[in-house]
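Okay, so here's the structure we're looking at.
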Amino acid sequence: MRSASSLKMEVSRMKHTRKNSQTAFLICIAVLANAANAEDVAVLKTGSLVTGTVLTYDSASVSIEAKVGTRTVTRKYPASQIKSLTIDGVEIDLAKVPEGDSGVSERVNRSQKEIQAGIDRVGPTQPDWFESTPLDYPKTLDLTWPEKAEGPWDSSKNVGQYIWDRINPNPGKWRDGIRLLHHIMLTTQDKALSQRVMLTLGGMYHNLHQDYARSAYWYQQAGIDKNASNRPQAGLHLADCYWQLGSKPMALAMLKSMSSKPYGAIKLLGDLGETKDALDMAERFSKSGEASVCFLYAGDACRVAGRLKDAEDYYRKAIAAINPDEAEKPHRKRDKARAESSLAAIKFYTLDPKQVKDGTYASSSIGYEAEVKVEVVVKDGRIEDVRVIQHREKQFYSSITDTPKKIVARQSFKDVDATTGATITSEAIINATAKAMAGGR
Amino acid sequence: MRFDWFLPYLRKAKPDRDDRSIGAVRRMAARVFPASWFSSRDTKLRGRIRKVLRWLGPVWYSSPLRRLVQAACFTFFLWQFLWVCWPYDAQPGWQSTGWTPSTFDLTAQQIEIVREQPLEQKVSVGGLVFLRDDSAESVSPDEDVQSVPFIVRSVSDAGIQLTPSAEADATSLELLSLTIGPVSVHPRDPASWPSHYADNLADKEDVAAELFLSIDPLVSLSTGIASRAWVWSLVSAAVILAVCVFIPRGFCGYLCPLGTLIDLFDWLVGSRVKRFRVSGDGWWVHIKYYILLGVLVSACFGVLLSGFVAAIPVITRGLLFVVAPFQNGSANGWHQVPPIHLGHFLSIVLFIGVLCLGLMRPRFWCKYVCPSGAVFSLGNLLRVTERKVESSCIHCNKCVEICPFDAIKPDFTTRTTDCTFCQTCGGVCPTQAITFVGRWATLDLKTVNEPPTHETHLGRRGFLSAGIGVASSVAAGVAAAVTTKSFGANLDAPDSLRLVRPPGSVPEREFLQMCIRCGECFKACPSDVLQPLGFQQGLEGLWTPYVNADWAGCASSCNGCGQVCPTGAIRALPLEEKRHARMGLAFINVQTCLPHAGIEACQLCVDECTSAGYNAIEFTQVGTEVDDAGQPIEGTGFLAPLMIDDKCVGCGLCQTRCYGINVSQKKLLDASAIIIKAGTDHEDRMLSGSYVQLRATEATRNASKVGG
């Protein structure tokens, strides 16, 4: 949690964590009314009742986790849309609640115990769609899935290569992938194979489904929380799961426990607000030969922290660090394009939505596969909507919806952290949004 | 009992003459309209109606009802062809975005949504609309947003009042109630399969678009014989033949749009160009019977030739190749008109030839050549009505001169097989001697062969020539069948050409036997996916529809071709069936496909297939580089298309896209890298049965192949 957000009222299931003058009073009432388990209710201006658990509230907005049917959904409402709000049976007058951070953070803080309980509860269960997803895979697939695939690349035979070639690029097959992995796990006695499946499940839930509780569960089952030395990427993902689930300390502890860290750790540290550590790490890692990647991450970390000047320097350094011998390789070309488009966009990062005239603006920026085109709707100094209208990103579909949501929620793009595992696409969306809005000054 | 509806010759009433009584309709009309419109028998002065008709011409003047019916039928035919079978006014379902819910009361079932601008589309109160939550928060990859159906209570500038429909899913409705907007309004479930082309045709098709084709008896008769199958349009043919028992050859005189077009041509051109006129009766007089016989004989051998010569296919295809390109080009742009080939050219020549026969003699085609007319001529043998001439005939020859069908003998009696009951003769007869009555009605008839006609009865020579005619037409029919077969599709050969046929086409052999080559399906097909074949399948496949996927792909929301097919060569499938009917399968050429060949990223076909809703092309990663540990390197290689055959119906949208961009525009390839192929195992060609069922069976079979 960023320091600024401490102004915000955080309401979690552990009601005693509230740090506000009203808290004690509220708890008293709650206990008296014996309504500790009662559901919170928000009545919208439309007359709708939203029943569930209020995650955060302040004079500007209310965020509620509601259960509808078998689904749990989170909705955030501006205070102007709320007619009345009742938490634990007590009606709250939002006007009297102090205003929170204007860049309203969606992040919920939870204790380690709470998070672990959540992981243990949700993790072993199957998602809603699991039963209705057919088991569908080529029968040529070798389900014994040896650690190292023999022979040439053959995605019809080797499970890992099948996932890489066929599951990851097709959002329509992501559920099939989970189904297949569970099938393999159920049918094998091989400990090593089971472990491989768990790791892959963790990765798939994290990268594709954004289901952080299940991802964390399977990483933990695979023992990554104890020892991630051989699996730096998995360790990084687990750390990100903890962060996404609401615990910065757990994420930091996880990162710290890892003896070798992947480059992505720079980015995660940046997201966690540990900019100094992130930059130190980037400098250290840049000597390894992937300097351009490290400096790109460092630039991103500075950007998230609002240090735009430093960010610019790092993006420049990233371009300069590309070895001329490698300049023609696709991944180096992409690094360069990314750095260049970040540089092109960064001068607009200070742009306040209030400076932008009402209207709809479009722009694009380079993503993983091609240009990502974004449309931004600005009305009354507010970012009303950000929509990705054209993209070719396949691997990391989640960022396509996740990042625009964050931009709208924060009313800003300068401190939006990129979706871990989908950095390039997220960055492209952020850059394109900045450039688009710059067109409306 | 009289069957008269001509306008009788105006003559002065005389007490000693028994004039025809004035009809009830005329008496009623006289009460409503001014007297000046009507003629007077006392003064023999023409009224305004007669003056107008006289100005229009002698045929209008004599038998105005017949001309009116002709005009109405011709207009109706054109309207069906040019408007009903015109797919381009179909609009995909609209959506109206940016609405905010102002009231969302689930207990009172009252919902109101508002917006600054009023609803730009028309919705009917009591009708159904769908609301979709467009707020960013409701969108997530694992949460399928459902639209909710509502009944419109009222629409005003202030907003729209709605009540949840009984079909609304409770969870979806509750989810929607959480929103503060924006929401969008849709006339139908935006997640449902699009159907605007199918709906558009169904809305316009109050009367079957192929009506005229289905009542051409030769169309269904020859198709039935050739395919040895029941053709549904035989029913319509039977109905029209039954009607023609009462109005002998009435089809030719009244309904046939080709006949009317020929009348127009004769009036516009034929009456001005005299040099090709022929006099007297020649060898051609009975040729229509021989053509009919030839067509039927070849049909017995499974070769369908009637499309070349039957009346309605000739005019339909003529308009298709001559008029439709101009309609399409002027409305959609000339680049939308497919190029023409020899097949088109031949059909146009045939059509113009049919019209130009009128230079020899008015309605030469109808009188002497048209085999559809011959069917009615033969049907006339069963007639129960007839033109008869009473003894008051004064041999003035006016009727012979005006008869458009040469159906009056020199002694003024009727050639009953040729008379179309047009009744023009009735109106010109100054003595009102001509009547149209029951066949066996007893009247004071004039004597036959007075004046002498000099016509011989079927003597030895006549019998001989008829015999020769029959023999030669049978021989010609057999020869035509043999020629067509030997220069034909040759379906038994393993390497024979297999064309992608319209969705729901019957098996190829039956298809060639049933397709009348009328061209109606081309007209109904949006963006000319279906195009007429030239000589690629020899004579046998000429003008049959095939899918030219380089040009365009089959629209997922259209089922037009089957709906307008008069013979059932393309089955009239509901859209739900059609979208599962497999025309072919797409095959990717991995040698040329840009990402497969490692040249550049391209996902045109995948995007096209996904947005059409088939999801039959997925991505596969190709050319991934691996590091020393055998792990794939992120960002290497390309995402390339991969066919999921179970889901592909061969619509060809992928091929169109690849051809349009990579071949035509960017010139990166010589041919589309993804091609639709038909042939065994690549297409569903069934005479009956459900394609949905077929796909389901296939899915179960495939599922059992997979382990687990």
Side-chain angles (χ1 to χ4, degrees), chain A residues 44-50 66 68-71 73-78 81 127 129 134-139 143 148-149 153 155 160-161 164-166 168-174 183 187 208-211 330-331 334 368-370 385-387 392 394 397-398 400-402 404-405 408-409, chain B residues 100-108 110-112 134-144 169-172 174-182 601 603 606-607 610 615 618-624 626 629-640 642 699 702-703 705-708:
Chain A
L44 304 183
K45 275 273 158 62
T46 60
S48 271
L49 296 185
V50 187
V68 177
T70 55
R71 285 184 185 162
V73 295
T74 309
R75 292 287 188 270
K76 181 159 172 268
Y77 303 103
Q81 290 293 328
W129 40 259
L135 181 60
D136 180 18
Y137 62 90
K139 58 177 177 176
L143 296 190
K148 192 153 188 217
W153 185 276
S155 60
Q161 294 167 1
W164 175 267
D165 275 4
R166 304 280 297 109
N168 289 348
N170 294 303
K173 292 188 92 72
W174 291 351
H183 172 68
T187 48
L208 306 182
H209 296 272
Q210 283 194 296
D211 186 338
H331 60 290
R334 188 154 48 229
Y368 209 95
E369 297 281 342
D385 197 11
V386 176
R387 215 169 282 193
R392 283 188 173 185
K394 278 290 170 282
Y397 185 77
S398 50
I400 299 290
T401 51
D402 187 62
K405 266 201 248 175
V408 175
Chain B
T100 311
S102 62
T103 311
F104 212 119
D105 192 337
L106 280 182
T107 36
Q110 279 179 355
I111 283 94
E112 185 182 42
D134 285 352
S135 59
E137 290 176 78
S138 65
V139 184
S140 86
D142 259 11
E143 201 177 307
D144 313 316
D169 169 58
T171 310
S172 302
E174 205 185 328
L175 265 177
L176 183 68
S177 79
L178 301 183
T179 192
I180 50 168
Q603 58 181 72
V606 183
D607 287 350
T610 307
N615 297 310
E618 287 183 353
F619 283 114
T620 184
Q621 187 78 40
V622 294
T624 305
V626 289
Q631 289 303 305
I633 300 172
E634 193 85 50
T636 56
F638 292 109
L639 288 179
L642 182 83
N702 289 348
K705 277 189 208 161
V706 179

Where A:Pro78 and B:Ile180 come nearest, the two heavy atoms and their spacing =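 Closest heavy-atom pair between A:Pro78 and B:Ile180: CD-CD1, 3.4 Å.
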ask   = What are the two closest non-hydrogen atoms of A:Tyr77 and B:Leu178, and how far apart are they?
value =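 Looking at all heavy atoms of both residues, the closest pair is OH-O, 2.5 Å.
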message = For B:Ser172, give me all partners under side-chain contact (heavy atoms from CB on, under 4.5 Å), at least two apart in sequence or on another chain.
response =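 Checked B:Ser172 against side-chain contact (heavy atoms from CB on, under 4.5 Å); matches are B:Gln146, B:Val148, B:Asp169.
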inquiry  = Check whether A:Ser48 reaches the backbone of B:Ser177 with its side chain - one donor and one acceptor, N or O, closer than 3.5 Å.
reply    =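 Yes, the answer is positive, given that a donor and an acceptor are paired below the 3.5 Å cut-off.
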ask   = Does the side chain of A:Trp153 pick up a donor-acceptor pair with the side chain of B:Thr624 at under 3.5 Å?
value =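 No donor-acceptor contact under 3.5 Å links the two side chains.
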message = For A:Lys45, which atoms come within 4.5 Å of any heavy atom of chain B: side chain, backbone, both, or neither?
response =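 For A:Lys45, backbone heavy atoms alone lie under 4.5 Å from chain B.
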Atom [atom1] in [X], atom [atom2] in [Y]: separation rounded to 0.5 Å?
X	Y	atom1	atom2	answer
B:Leu639	A:Asp165	CG	CG	9.5 Å
A:Gln81	B:Thr100	CD	OG1	8.0 Å
A:Asn170	B:Gln621	CG	CD	10.5 Å

ask   = With only heavy atoms counted, which part of B:Thr179 is less than 4.5 Å from chain A, the side chain, the backbone, both or neither?
value =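 Just the backbone, heavy atoms under 4.5 Å.
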Heavy-atom side-chain proximity of B:Leu642 to A:Arg166 below 4.5 angstrom =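 The answer is yes, as the side chains (C-beta and beyond) meet within the 4.5 Å cut-off.
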